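Following: one structure in C-alpha cells, then a few remarks.
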Amino acid sequence: MSVHVIADSRDKLSTLRLLLPPRLDASFALLGETIDIPLLPDSLVVAVDIRVVDQIAALKRMMLKLGGARNRIFLIDGRSHLLSAQAYALGATRVLHNPVSARQLAGQLVDQVVLSASSGSAVRDATLSASIGASAIASMFSAVGGGTPVEKAAVEDAANRIAETVIDHGLTNWLTTVRRHHEGTFQHCLLVTGVAVDFGQTLGVSAVDIRRLSVAAMFHDIGKASIPLAVLDKPGKLDTDERALIETHPQSGYDVLKQTSGVAPEVLRAVRQHHEFLDGSGYPDGLSGQSIPDLVRLLTISDIFAALIEDRRYKPCMPRDQAYDILLQMRGKLEAPLVSAFRQVAFGQ
Ligand SMILES: [Fe+2]
Ligand SMILES: [Fe+2]
C-alpha cells in the first residue's frame, strides 16, 4: 500500500516517518514542494496547520494533484469543530487530532488495506457515508459557532445517505465503521442517526418518518456547538456548572434551527425535546406523558443507547446487551413497549 505524506515542516515529516508502520511504500513532501511520484497513492496524510491562510492556498494546489487518493487523513492541531470542518472542506476523508499515536495512524492506514481488499460494498459504502455525515456535522457545528447559516440541505442529504446505508447493509456494519473512524460529537451524531433509522425500520414507520427521524438525529445535538469541547469531551464526572451548561443544548439548538428556513416542525420539536422523559424528570421543559410526541420518544431511546455504546478514548465501549439493560432500568422515563421493541435493534437480530 502506498502513502504520501505532506507536512508544513521538516520536524513534522521526521516525526511522521517514525510513526508510520514499516513496510509501507511511503513518500514525503514539504508543503509547496513539487510532487514527484509516478502513481496516485492509496492514502494521503496531511500534517499542515490549516489555520494559516497561505498554507491553505499551497495545500489546495497540492490537493489538485493528490486529492484523488482514496484515503485522505488530515492531522489537525487543536480540538475545534471549525478546524475539522475546514479539513473536510479541503478534502479530508478522516480527521485525527494531534498528537496522533503510531497505533492510531496505523489503524487508519490498515483500514484502508482492508477496505481495498474487501469484495463487498458494505464497508466501503458505510465508510463513505460516515465521512460525508461527519463533514456535514462539522460544517453545521462550525456554522453555528461562527454565526453563519446552517446548510440544511447538506445535513439532509447526509442523513438520507446514512439511512440508505443502514437499511442496505445493517446497523452492525454502520456502528463498527463509525466507531473505527470518528470520535466525539461526530461519532455520537452518526451513531444516533444509524440507530434511529434501524429502530424506525424495526417499528415499520413510514419512509417519510424515517427520513424525518434521520434528519432529527443528525441535528439533535446542534446546540452543543456553542459548548466548549473541553466540557463536551471531559472524561469523568461534570461539576454542577458544567452540567448546567450541557443542559442548555436542547433549547439553544432549537433557537438556532428555528432560524433555518424549511426545517420541519417535527424535527424542531425533536431537537428541543430529546432529553425529556415521560415521568417529567427531563429537561428543558420538564414535559411528561402525552406531550412528548412519538418521533421524540424514538429519538430519545436511540440517543441514550448510542451514547452508551460510543467508543471514547477514556472509556471502553459498552457491549450492546449491557446498554440495553440500562434502557430497561429506565422504567417510567421511556415508553415500555418501545423499549421492548428496541430489543431487536440492541441485539442486532
Ligand atoms: Fe442531546
Ligand atoms: Fe445526543
Side-chain angles (χ1 to χ4, degrees), residues 81 130 133-134 136-138 140-141 144-145 150 155 158-159 162 166 171 174-175 178-179 182-200 212-229 231-235 237-238 242-258 263 266-278 281-287 292-293 295-312 315 317-318 320 323-324 326-327 330 333-334 338-339 342 345-346:
H81 289 121
I137 296 162
M140 156 177 112
F141 271 67
V144 175
V150 173
V155 176
I162 293 167
V166 172
L171 182 63
W174 178 247
L175 299 181
V178 170
R179 287 191 292 204
H182 299 279
E183 49 183 29
T185 324
F186 302 153
Q187 183 192 121
H188 174 67
C189 294
L190 294 171
L191 291 181
V192 177
T193 306
V195 170
V197 167
D198 197 48
F199 193 16
R212 272 194 199 124
L213 194 54
S214 62
V215 173
M218 285 288 280
F219 276 131
H220 83 285
D221 274 339
I222 187 174
K224 287 186 177 171
S226 33
I227 298 174
L229 285 170
V231 177
L232 283 183
D233 291 345
K234 182 179 171 183
K237 227 172 149 32
L238 299 171
E242 289 165 341
R243 167 82 18 225
L245 184 63
I246 292 270
E247 292 191 0
T248 60
H249 81 270
Q251 170 80 53
S252 62
Y254 172 81
D255 291 341
V256 165
L257 268 195
K258 215 171 46 173
V263 179
E266 294 85 351
V267 171
L268 278 177
R269 210 174 299 155
V271 169
R272 184 181 178 114
Q273 299 176 350
H274 70 276
H275 286 286
E276 300 288 359
F277 289 132
L278 294 178
S281 63
Y283 60 91
D285 301 313
L287 298 179
I292 305 174
L295 186 91
V296 178
R297 296 175 189 211
L298 303 194
L299 181 60
T300 301
I301 292 172
S302 307
D303 183 29
I304 297 168
F305 183 76
L308 290 168
I309 62 163
E310 259 168 54
D311 191 6
R312 310 209 71 166
K315 83 169 177 69
C317 98
M318 184 184 282
R320 284 160 78 166
Y324 185 65
I326 292 181
L327 290 182
M330 295 178 73
K333 294 183 184 296
L334 307 172
L338 281 183
V339 174
F342 193 80
V345 177

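Predicted model, so just to flag it, every value in this text is computed and none were measured. Order of listing sets the numbers, starting from 1, for every ligand and every atom in it.
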Point-to-point distance, once rounded to the nearest 0.5 Å, from CG of Leu308 to CG of Leu191 | 11.5 Å

How about the Fe ion (ligand 1), which protein N, O or S atoms come within less than 2.8 Å?
-> Asp221 OD1, His249 NE2, His274 NE2, His275 NE2

When you look at Val195 and Val166, which way does the side-chain contact (heavy atoms from CB on, under 4.5 Å) test go after all the steps?
-> CA-CA 9 Å; Val195 170; Val166 172; over 6 Å; no

Please state whether the rings of His249 and His274 are parallel, tilted or perpendicular, taking 30° and 60° as the class boundaries.
-> tilted

Taking all heavy atoms of Val231 and all of Glu242, pick out the closest pair and write down the distance.
-> CG1-CB, 4.0 Å

So, Trp174 side chain and Ala130 main chain: donor-acceptor pair closer than 3.5 Å or not?
-> no

Thr300 side chain to His275 main-chain N or O, any donor-acceptor pair under 3.5 Å?
-> no

